[in-house]
Protein chains: 2
Amino acid sequence: MAKASREPKISAEEATARLRHAGLRPTRQRVELAGLLFQDGDRHVTAESLHDEVSGAGVKVSLATVYNTLHQFTEAGLLRQVIVDAARSYFDTNTGDHQHFFLEKEGLLIDIPGETIAVAGVPAPPPGLSVDRVDVVVRVRRN
Amino acid sequence: MAKASREPKISAEEATARLRHAGLRPTRQRVELAGLLFQDGDRHVTAESLHDEVSGAGVKVSLATVYNTLHQFTEAGLLRQVIVDAARSYFDTNTGDHQHFFLEKEGLLIDIPGETIAVAGVPAPPPGLSVDRVDVVVRVRRN
DNA sequence: CAACGAATTAGAACAATTCTAAACTGTGAG
DNA sequence: CTCACAGTTTAGAATTGTTCTAATTCGTTG
């Protein structure tokens, strides 16, 4: 009953290939984490939540490694960091152009596809600066 | 040369009035902090930066009080909290509708007036949720 | 001006994250 | 197949920003 309602992990082979592609050595831990993260389209994890998940799956990975891995994946373009909460960092497996709903009370992030929202009128940044990207966070609450 | 290039502090009387208006007891520390914060239109501070500033001005206020005060001011609607950096919280003296440029490397926030940016196409939130507000952060870098 | 509740404070405590130094493990060379 | 080495992992300590605690001090009202 309390079975995880998620698609089966991607295979170790797929994960390995993905890691090599990104220039990362496919270690046991990275393969394991990639397997969990990239099993389906959209996941939002924190270091803690991912650590709990991987631990719960009976795999031994230290929290430090989870942090390292999340950052390496992010640098490699496999993940994107989402800053919506002062308390913790979220990582999103959707690296494409999109935005988020955020339910602060529950730490819940929901993707909004990139084409859905249009941001018009962003002024030119002050001289010497250039736009890196535009983040939209739609903060919501339970009613 | 190294003189602060900021307008003179608002008077203690002004600050006091403002605090009373917001239903806050005008204590020495709150008057002092309000004096620094509301001297001109747009300021973006962190607890640390404000503490350094007030300390530098020779006033003795504990860091705990700065934190307390920033939160109380925020609750009272005198400040607005801005979440753009996983590492620290910013507080903005501009409580009106507006958005931000953010230069992460330097922790620099720049206001973008509310009318400037238009966000279109925000989808209805999932059932049971309602929109609290829409934040836009234009992340910029030095070039 | 007394008294009481509100505010301040130093320092401890906390949570998330990063660092450190030592042990371990992929990988490519031989 | 095995070695050696750079890259990785790890436990635990350290750091950072923030909150809490309990005792002291202060503003306000009577």
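Worth saying up front: this structure is predicted, and the values here are computed from it rather than measured. Chain naming here is simple, since letters A, B, ... match the order of the sequence lines and numbering starts at 1 in each.
- For C:dT17, one of the phosphate oxygens OP1 or OP2 lies less than 4.0 angstrom from a side-chain nitrogen or oxygen of A:Ser89.
- If you measure from atom CD of A:Glu75 to atom C1' of D:dT8, you get 15 Å, rounded to the nearest angstrom.
- D:dA6 atom C1' lies 15 Å from atom CG of A:Leu24, rounded to whole Å.
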Item to complete: Take A:Glu32 and A:Lys60 through the salt bridge (charged side-chain N to carboxylate O under 4.0 Å, His left out) test and state the conclusion after the steps.
Response: CA-CA 10 Å; A:Glu32 206 58 66; A:Lys60 241 188 108 243; over 6 Å; no

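- Here B:Arg43 does not pair with B:Asp92 in a salt bridge; the nearest charged N to carboxylate O distance is not below 4.0 Å.
- Residue B:Ala87 is in sugar-phosphate contact alone, with no base atom involved, counting any heavy-atom pair closer than 4.0 Å across all strands shown.
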For nucleotides 20-30 of chain D, give me every protein contact, N/O to N/O, under 3.5 Å, one pair per line with atom names.
{"residue": "D:dG27", "atom": "O4'", "partner": "B:Arg25", "partner atom": "NH1", "Å": "2.8"}
{"residue": "D:dT28", "atom": "OP1", "partner": "B:Arg20", "partner atom": "NH1", "Å": "3.0"}

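- D:dG17 atom P lies 15 Å from atom CD1 of A:Ile83, rounded to whole Å.
- Salt bridge annotation for A:Glu106-A:Arg142: present, with a cationic side-chain nitrogen under 4.0 angstrom from a carboxylate oxygen.
- Both tests hold for A:Arg18 against A:Phe38: distance to the six-membered ring centre under 6.0 Å, angle to the ring axis within 45°.
- Heavy-atom distances to DNA chain D give each of B:Tyr67 and A:Lys60 a nearest nucleotide, and the one nearer the 5′ end belongs to A:Lys60.
- Between C:dT18 and A:His71, a contact under 4.0 Å exists linking OP1 or OP2 to a side-chain N or O.
- For the OP1/OP2 pair of C:dT17 and a distance below 4.0 Å, the side-chain nitrogens and oxygens of A:Arg88 include no atom meeting the criterion.
- Both A:Glu48 and B:Thr69 lie close to DNA chain C; mapped to their nearest nucleotides by heavy-atom distance, the more 5′-ward contact belongs to B:Thr69.
- Note on B:Thr65: every side-chain N or O is 4.0 Å or more away from OP1 and OP2 of C:dT8.
- Atom-to-atom, CG of A:Leu70 to P of C:dT18 comes out at 10 Å; the value is rounded to the nearest Å.
- Under the side-chain contact (heavy atoms from CB on, under 4.5 Å) criterion, A:Asp85 pairs with A:Ala87, A:Arg88, A:Tyr90, A:Phe102, sequence neighbours left out.
- Below 30°, between 30° and 60°, or above 60°: for B:His98 and B:His100 the angle between ring planes is above 60°, a perpendicular geometry.
- With sequence neighbours excluded, no residue satisfies side-chain contact (heavy atoms from CB on, under 4.5 Å) with B:Ala17.
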